[in-house]
Protein chains: 2
Amino acid sequence: MTEAKDKKSHHHGDLRAALIRAGIEILDEGGAESLTLRRCAARAGVSHAAPAHHFDGLAGLRAAIAAEGFDRFRNKMIQARETGDQSPKGHILSLCRGYLDFAVENPALFDLIFSCGPMDRFEEPPSPGDATAYGVLRAACAPFVPEGTEPRVIETQVWSLIHGFSHLFLAGTFGPSDGSADHHPLFLPVMALLRGIGRDIDTASAAK
Amino acid sequence: MTEAKDKKSHHHGDLRAALIRAGIEILDEGGAESLTLRRCAARAGVSHAAPAHHFDGLAGLRAAIAAEGFDRFRNKMIQARETGDQSPKGHILSLCRGYLDFAVENPALFDLIFSCGPMDRFEEPPSPGDATAYGVLRAACAPFVPEGTEPRVIETQVWSLIHGFSHLFLAGTFGPSDGSADHHPLFLPVMALLRGIGRDIDTASAAK
DNA sequence: TATGTAAAGTTTACAGTGTCAAGTTTGGGG
DNA sequence: CCCCAAACTTGACACTGTAAACTTTACATA
């Protein structure tokens, strides 16, 4: 009856995917507070207890939505990386642009992604290459890693800077967003901090 | 009956403060999900509808708790600033240490602070001086602001970097926290990015 | 083909939740 | 002394997550 892919076709087709889709819609229509098991079920056209057969309660649904959001996040960054110039610096800057764009366009989903426990870790490298969102960042950072330095240091610097800016921007810390301009005027100046990336780290003067 | 400061002493003493206190306790015992109007009321020893006379619903209580948390946050940073060495760089590094410490020690409260809309803004300067949390940051950043540069740029760089690191650390992105060490091993290396602070900003190569 | 079985979905029920509308107590000012 | 408004209680309602029992369906197997 309903068009199903081919995954599981007992009754609904694939209710699991439908529930995740419904959840994401609800999320960016009404924010995090309005994400509800019963509402997702209603939008998917099933009874309120149906999701229990696919997710471990509301927490399970949120985790599944976060995983799907993480996928979209990765695709956004892959796409963003290719729009900038082809210099290593251009790669990183375009990546950060994509990061901020995704956060602004999907604020509730963005928050959820970082509220459901870690998706994947630096410790676990992308399976073949660039499979994970962190893998995308890692590849962009690679040219800036000095010999003998742990890549994670550079990656964490970039990641922290763009994530902090995006999160604070979303929280309204930098003032009301103009809405007109596609980006906050502080974006480029803040990213300029990455100029000094990859140099030696003087832990000596910072240790005390 | 109960010991009251002297604010309002109709029945309870000062229920408002008691509810905020109860809320913070509940928050770091059971996390954000367990913060409930009825639970706060019960812990404060009043009926479930009593909070309605002091806060505008659950959102109002959360906002009040966030405001109180913001105060503690500011005090933590003021205190942290004075523990480091007296160099400008020491000021900033100690401040960032305090930032991360607060986030780790009060994760739910930290999240709440940045989930209830902006507390104060860069636009509104600290009343006389250093009154707000941003004022503390501003003072620490002041020595690094080159002549003719907008102070907000430097402040936003520092703020974004330490906030992003703290938030990602809390989210578990950097892997499970050891728990043993007082800080994550990446903290100092990441903060080393601030070495290059205050220099000219080459918007030219970053514009494209 | 007939049948049994397990998954998928429904229905019912229950404890908590926020919120509103009343009622009740209390304290202080006319 | 009395009255009134603020502080608090009580009761109710809609909504939520969750668990249990029940019904339907699709598929494997005999």
Side-chain angles (χ1 to χ4, degrees), chain A residues 1-27 29-66 108 112 115-117, chain B residues 1-27 29-66 108 112 115-117:
Chain A
M1 188 167 292
T2 57
E3 74 292 5
K5 288 183 175 179
D6 64 338
K7 191 178 178 183
K8 288 182 177 181
S9 56
H10 281 279
H11 291 56
H12 178 279
D14 57 349
L15 181 56
R16 190 188 144 89
L19 286 169
I20 293 178
R21 240 180 299 124
I24 292 183
E25 290 176 15
I26 291 173
L27 212 47
E29 286 173 8
E33 316 267 300
S34 65
L35 180 63
T36 278
L37 269 178
R38 288 171 118 103
R39 242 198 287 257
C40 288
R43 181 170 297 222
V46 294
S47 77
H48 68 267
H53 293 270
H54 298 273
F55 307 101
D56 185 18
L58 178 59
L61 175 60
R62 285 168 46 94
I65 292 178
L112 185 62
S115 304
C116 287
Chain B
M1 185 167 292
T2 59
E3 74 291 4
K5 288 183 174 180
D6 64 336
K7 193 179 177 183
K8 287 184 177 179
S9 57
H10 279 279
H11 292 55
H12 177 281
D14 57 350
L15 180 57
R16 191 189 144 89
L19 286 170
I20 293 178
R21 240 180 297 126
I24 292 183
E25 289 175 16
I26 291 173
L27 212 48
E29 286 173 10
E33 314 268 300
S34 65
L35 180 63
T36 276
L37 269 178
R38 289 172 116 104
R39 240 198 287 259
C40 289
R43 180 170 295 223
V46 294
S47 76
H48 68 266
H53 294 268
H54 298 273
F55 307 100
D56 185 18
L58 177 60
L61 174 60
R62 284 168 49 94
I65 292 178
L112 185 62
S115 304
C116 288

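Side chains are part of it too, since the values below use all heavy atoms of this structure and drop only hydrogens, waters and symmetry mates. Every chain is numbered from 1 and lettered A, B, ... according to where its sequence line falls, protein lines coming before strand lines.
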Roughly, in whole Å, what's the span from [atom1] in [X] to [atom2] in [N]?
X       : N      : atom1 : atom2 : answer
A/Arg39 : D/dC15 : CZ    : C1'   : 9 Å
A/Arg16 : C/dG9  : CZ    : P     : 13 Å
A/His53 : D/dG17 : NE2   : C1'   : 15 Å
B/Asp14 : D/dA6  : CG    : P     : 19 Å
B/His54 : C/dT19 : NE2   : C1'   : 17 Å
A/Leu35 : D/dC15 : CG    : P     : 17 Å
B/Leu15 : D/dT9  : CG    : C1'   : 13 Å

Which listed nucleotide ([options]) is nearest to the side chain of [X]?
X       : options                : answer
B/Leu37 : C/dT19, C/dT10, D/dT10 : C/dT19
B/His48 : C/dA8, D/dT16, C/dT19  : C/dT19
B/Ser47 : C/dC20, D/dC8, C/dG18  : D/dC8

Quick one: pull up [atom1] in [X] and [atom2] in [Y] and give me the separation to the nearest 0.5 Å.
X       : Y       : atom1 : atom2 : answer
B/Leu19 : B/His53 : CG    : NE2   : 11.5 Å
B/Arg62 : B/Ile20 : CZ    : CD1   : 14.0 Å
A/Arg21 : A/Leu15 : CZ    : CG    : 10.0 Å

Scan the side chains in residues 43-50 of chain B for donor-acceptor partners under 3.5 Å anywhere in the protein, sequence neighbours excluded, and list what turns up.
| from | atom 1 | to | atom 2 | distance (Å) |
| --- | --- | --- | --- | --- |
| B/Arg43 | NH1 | B/Glu25 | OE1 | 2.6 |
| B/Arg43 | NH1 | B/Glu29 | OE2 | 3.3 |
| B/Arg43 | NH2 | B/Glu29 | OE1 | 2.9 |

_Once side-chain contact (heavy atoms from CB on, under 4.5 Å) is applied, do any residues pair with A/Leu37, and if so which ones, sequence neighbours excluded?_
A/Pro51, A/Leu58, A/Leu61

_Side-chain donor/acceptor of A/Arg39 to backbone N/O of A/Ser34, under 3.5 Å_ = yes

*What's the shortest heavy-atom distance between A/Phe55 and A/Ala64, and which atoms?*
CE2-CB, 3.5 Å

*What are the residues of residues 55-62 of chain B, sorted by number, that bring a heavy atom to within less than 4.0 Å of DNA chain C?*
B/Gly57, B/Leu58

*Would you indicate, yes or no, if D/dG17 has its OP1 or OP2 atom less than 4.0 angstrom from a side-chain nitrogen or oxygen of A/Arg38?*
no

